[in-house]
Amino acid sequence: FNTVEDGGATPPPLAAGGNNRVCKGLVSPELESVVGEETDLSVCGVEVISSASPTSGPSSRPTLQPTKQPVTLKPTAIPTAAPKYIEISCGNKCHLIQWPYDMGSSYVPSEAYQECEADCDNGDCKAFSLQDYRTNFSGYKRCFLYKASKEPFPEICANDPFSHPFCTYATSGGSFFVTPAAREQYNVQNL
């Protein structure tokens, strides 16, 4: 491998994979020695069609037409993963008291969502809520985990539960998160 830039006297010959290939060496700045003009346009993927001009007789320049139809590329949306949980706007009634649940741990607010989400992921859970639960928890958020294996009772709480006062319980600083499947199954809507 020998190039002028490496201290060699002349670039290696093309037959030896010289300057015509970047992977084998540097591109020669002397393009005339590497690039030739092609007069057979079919090599370039175009079809030559001779056309006569209606006013001036036959044209000395052929009309070039692509041999293949042009392709228009449209940007495609990058697929996004469906969220594991959807937040439901629940005002000050974020506890579904008629959905079977486990009262989970309390977490500092900055970590509460991630911790409660992990608790729900690792258990029998279709939804969870975070609440400021009683004043003695010093600002911690209590995690309530709603059981996937149990149905809401009474049945009225299994359809748009936040719209029925009997199904909810007053909360302070609450939020509610449900899996997309459970949201659809129980028609969980924002307040």
Looking at residues at least two apart in the chain, or sitting in another chain, which of them share a side-chain hydrogen bond (donor to acceptor under 3.5 Å, both in side chains) with [X]?
{"X": "S163", "result": "D160"}
{"X": "Q189", "result": "N187"}
{"X": "K93", "result": "none"}
{"X": "E151", "result": "Y186"}

Taking side chain as C-beta onward, heavy atoms only, is [X] less than 4.5 Å from [Y]?
{"X": "I88", "Y": "V178", "answer": "yes"}
{"X": "K147", "Y": "K126", "answer": "no"}
{"X": "Q98", "Y": "P154", "answer": "yes"}
{"X": "F144", "Y": "R142", "answer": "yes"}

Using the rule that Ile, Leu, Val, Met, Phe, Trp and Tyr join whenever any side-chain heavy atoms are under 4.5 Å apart, tell me whether [X] and [Y] fall into a single cluster.
{"X": "F166", "Y": "F176", "value": "no"}
{"X": "V188", "Y": "L191", "value": "yes"}
{"X": "L96", "Y": "M103", "value": "yes"}

Q | Contacts of K150 that satisfy salt bridge (charged side-chain N to carboxylate O under 4.0 Å, His left out) - sequence neighbours left out | A | none
Q | Those residues that, when tested against E115, pass salt bridge (charged side-chain N to carboxylate O under 4.0 Å, His left out) (two or more places apart) | A | none
Q: Return each pair, listed once, that meets side chain to side chain donor-acceptor pair (under 3.5 Å) where at least one residue sits in residues 176-185; pairs must be two or more places apart or across chains.
A: none
Q.
Checking one residue: Y113. Which other hydrophobic residues are in its cluster under the side-chain 4.5 Å linking rule?
A. Y85, F128, L130, L145, F177
Q: Examine distances only and state if a side-chain atom of S89 and a backbone atom of N190 form a donor-acceptor pair shorter than 3.5 Å.
A: no
Q: Return yes if some donor-acceptor pair links the side-chain N/O of K141 with the main-chain N/O of G173 below 3.5 Å, else return no.
A: yes
**Q.** Nearest non-hydrogen partners of C125 and A127, listed with the distance
**A.** SG-O, 3.0 Å
(Q) Please tell me whether Y107 and D119 have a donor and an acceptor in their side chains that are separated by less than 3.5 angstrom. (A) yes
Q. Taking atom types as modelled, is there a side-chain donor on S129 or Y146 under 3.5 Å from an acceptor on the other?
A. yes
Taking side chain to side chain contact (heavy atoms under 4.5 Å, CB included) as the definition, give me every residue that meets it alongside [X], ordered by chain and number, with sequence neighbours left out.
{"X": "Y169", "result": "H95, I97"}
{"X": "S110", "result": "V108"}
{"X": "N92", "result": "none"}

Q. So how far is it from Q131 CD to S172 OG, rounded to the nearest 0.5 Å?
A. 9.5 Å
Q. In terms of heavy-atom contacts, does CD of E155 have more than 12 from other residues, nucleotides or ligands at under 6.0 Å?
A. no
(Q) Please report whether the SG atoms of C90 and C94 are separated by less than 2.5 angstrom. (A) yes
(Q) According to disulfide bond (SG atoms under 2.5 Å apart), does anything in residues 153-191 pair up with another residue at least two apart or in another chain? List the pairs. (A) C157-C167
